[in-house]
K.L.:
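My structure is below; once you've seen it, I'll send some questions.
The figures here come from the full heavy-atom set of this structure, side chains too, leaving out hydrogens, waters and symmetry mates.
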Amino acid sequence: MEAKNIMFDQSTHMQTVKILENSLDTATLRQKVIADNIANVNTPGFKKSYVSFEDELALALQKKETSNFKARTTDPKHIQFYKPPKHPTAVRPRMFVEDDTTFRNDLNNVDINAEMANLAKNSIMYEAVVNRISGMFQMLDMVIRGGTR
């Protein structure tokens with residue numbers, strides 16, 4: 001019984017669902033960060049934040065080794081010359097504060113037009129991921145039912 005669950009969890013279908021789930025988590029976190037940025041557009045000294053996810057996911061999906069040179073290390077504290085990319089299901093959204101820019105004289109760096117554009121882009125991404133997950137589960141339901149409704 002448990003071996004069947006492991007096989008199902010490691011299937012390409014479930015790995016794709018996991019990546020889409022992480023994408024939804026990213027969209028949710030990004031929504032909160034953008035809302036925080038917009039709420040503090042007039043706060044002197046406020047520095048905007050952003051969420052990073054897609055670049056690291058793209059790197060993990062490529063699975064290309066950047067170097068064939070692998071150093072032999074004798075201690076876990078040694079610096080690795082090559083760091084293999086994460087498995088795509090292990091990539092998580094990360095939040096960063098952009099504290100090295102200034103948009104106005106009060107040291108605030110929130111551009112309301114850019115934040116509104118990011119909000120619209122994030123909403124479209126969220127909707128697309130929800131539609132994709134829904135389609136995958138509809139297809140799985142059809143397979144379980146043997147192609148009949």
Side-chain angles (χ1 to χ4, degrees), residues 1-41 43 46-101 103 109-149:
M1 178 74 180
E2 194 160 311
K4 289 180 182 178
N5 286 340
I6 291 172
M7 285 180 50
F8 185 68
D9 287 345
Q10 294 178 349
S11 69
T12 302
H13 180 83
M14 289 310 295
Q15 288 184 4
T16 302
V17 169
K18 182 67 180 162
I19 292 169
L20 291 171
E21 179 185 334
N22 291 343
S23 298
L24 284 179
D25 290 344
T26 300
T28 302
L29 177 62
R30 189 170 283 143
Q31 179 81 12
K32 290 176 184 175
V33 167
I34 292 170
D36 187 53
N37 289 343
I38 291 172
N40 287 292
V41 68
T43 304
F46 180 81
K47 298 298 182 184
K48 69 178 181 180
S49 301
Y50 63 95
V51 175
S52 175
F53 176 73
E54 289 82 3
D55 292 339
E56 192 173 349
L57 178 62
L59 186 67
L61 289 172
Q62 287 178 352
K63 292 184 178 179
K64 291 182 180 176
E65 292 187 12
T66 55
S67 172
N68 290 330
F69 182 74
K70 295 182 181 174
R72 180 173 179 261
T73 57
T74 57
D75 189 283
K77 294 178 184 174
H78 289 167
I79 297 172
Q80 297 289 325
F81 290 127
Y82 169 71
K83 184 177 178 184
K86 289 182 178 178
H87 191 273
T89 59
V91 176
R92 299 283 187 269
R94 295 189 306 170
M95 190 178 84
F96 296 96
V97 176
E98 188 176 311
D99 58 0
D100 58 344
T101 60
F103 191 67
N109 65 355
V110 177
D111 179 359
I112 190 68
N113 293 326
E115 296 301 322
M116 296 307 287
N118 289 337
L119 188 65
K121 180 180 168 184
N122 191 51
S123 296
I124 292 169
M125 189 194 85
Y126 184 87
E127 190 82 22
V129 172
V130 166
N131 285 338
R132 186 65 196 130
I133 288 176
S134 176
M136 291 184 74
F137 279 105
Q138 285 175 353
M139 186 170 53
L140 186 62
D141 182 53
M142 189 173 74
V143 168
I144 290 171
R145 294 177 190 270
T148 59
R149 290 236 165 200

K.L.:
Determine whether F137 and V17 make a side-chain contact, defined as any pair of heavy atoms from C-beta on separated by less than 4.5 Å.
P.N.:
yes
K.L.:
Please lay out, stage by stage, how H87 and Q15 fare under the test side-chain contact (heavy atoms from CB on, under 4.5 Å).
P.N.:
CA-CA 10 Å; H87 191 273; Q15 288 184 4; 3.7 Å; yes
K.L.:
Quick one, F46 and D36 - any side-chain contact, counting heavy atoms below 4.5 Å?
P.N.:
yes
K.L.:
Answer yes or no: is there a donor N or O on one side and an acceptor on the other, between the side chain of K47 and the main chain of T101, under 3.5 Å?
P.N.:
yes
K.L.:
Is any side-chain heavy atom of M95 less than 4.5 Å from a side-chain heavy atom of R30?
P.N.:
no
K.L.:
Any chance you could measure M116, atom CE, to I38, atom CD1, to the nearest 0.5 Å?
P.N.:
5.0 Å
K.L.:
Can you name the nearest heavy-atom pair linking N37 to V110, along with the distance?
P.N.:
O-CG1, 3.5 Å
K.L.:
Of the options T26, T89, N22, I19, which is the one that meets L57 in a side-chain contact (heavy atoms from CB on, under 4.5 Å)?
P.N.:
I19
K.L.:
Before accepting this row, confirm whether a basic side-chain N of the pair R145/D141 lies closer than 4.0 Å to the acidic partner's carboxylate O.
P.N.:
yes
K.L.:
Out of curiosity, L29 CG to S52 OG, how far, rounded to the nearest 0.5 Å?
P.N.:
11.0 Å
K.L.:
Compare all side-chain heavy atoms of T28 with those of Y126 and state whether any distance is below 4.5 angstrom.
P.N.:
yes
K.L.:
Less than 4.5 Å apart, side chain to side chain, heavy atoms only: is that true for E21 and V129?
P.N.:
no
K.L.:
Show your reasoning for whether side-chain contact (heavy atoms from CB on, under 4.5 Å) applies to F96 and S49.
P.N.:
CA-CA 5 Å; F96 296 96; S49 301; over 6 Å; no
K.L.:
Decide yes or no for L24 and I133: does some side-chain heavy atom of the first lie under 4.5 Å from some side-chain heavy atom of the second?
P.N.:
yes
K.L.:
Does any part of the side chain of E54, heavy atoms only, come nearer than 4.5 Å to the side chain of M125, both counted from C-beta?
P.N.:
yes
K.L.:
Check whether any side-chain heavy atom of E98 lies under 4.5 Å from a side-chain heavy atom of N109, and answer yes or no.
P.N.:
yes
K.L.:
Has N118 got a side-chain atom pairing as donor or acceptor with A114's backbone, closer than 3.5 angstrom?
P.N.:
yes
K.L.:
So for atom CZ, which belongs to R92, do other residues, nucleotides or ligands contribute more than 12 heavy atoms lying within a distance under 6.0 Å?
P.N.:
yes
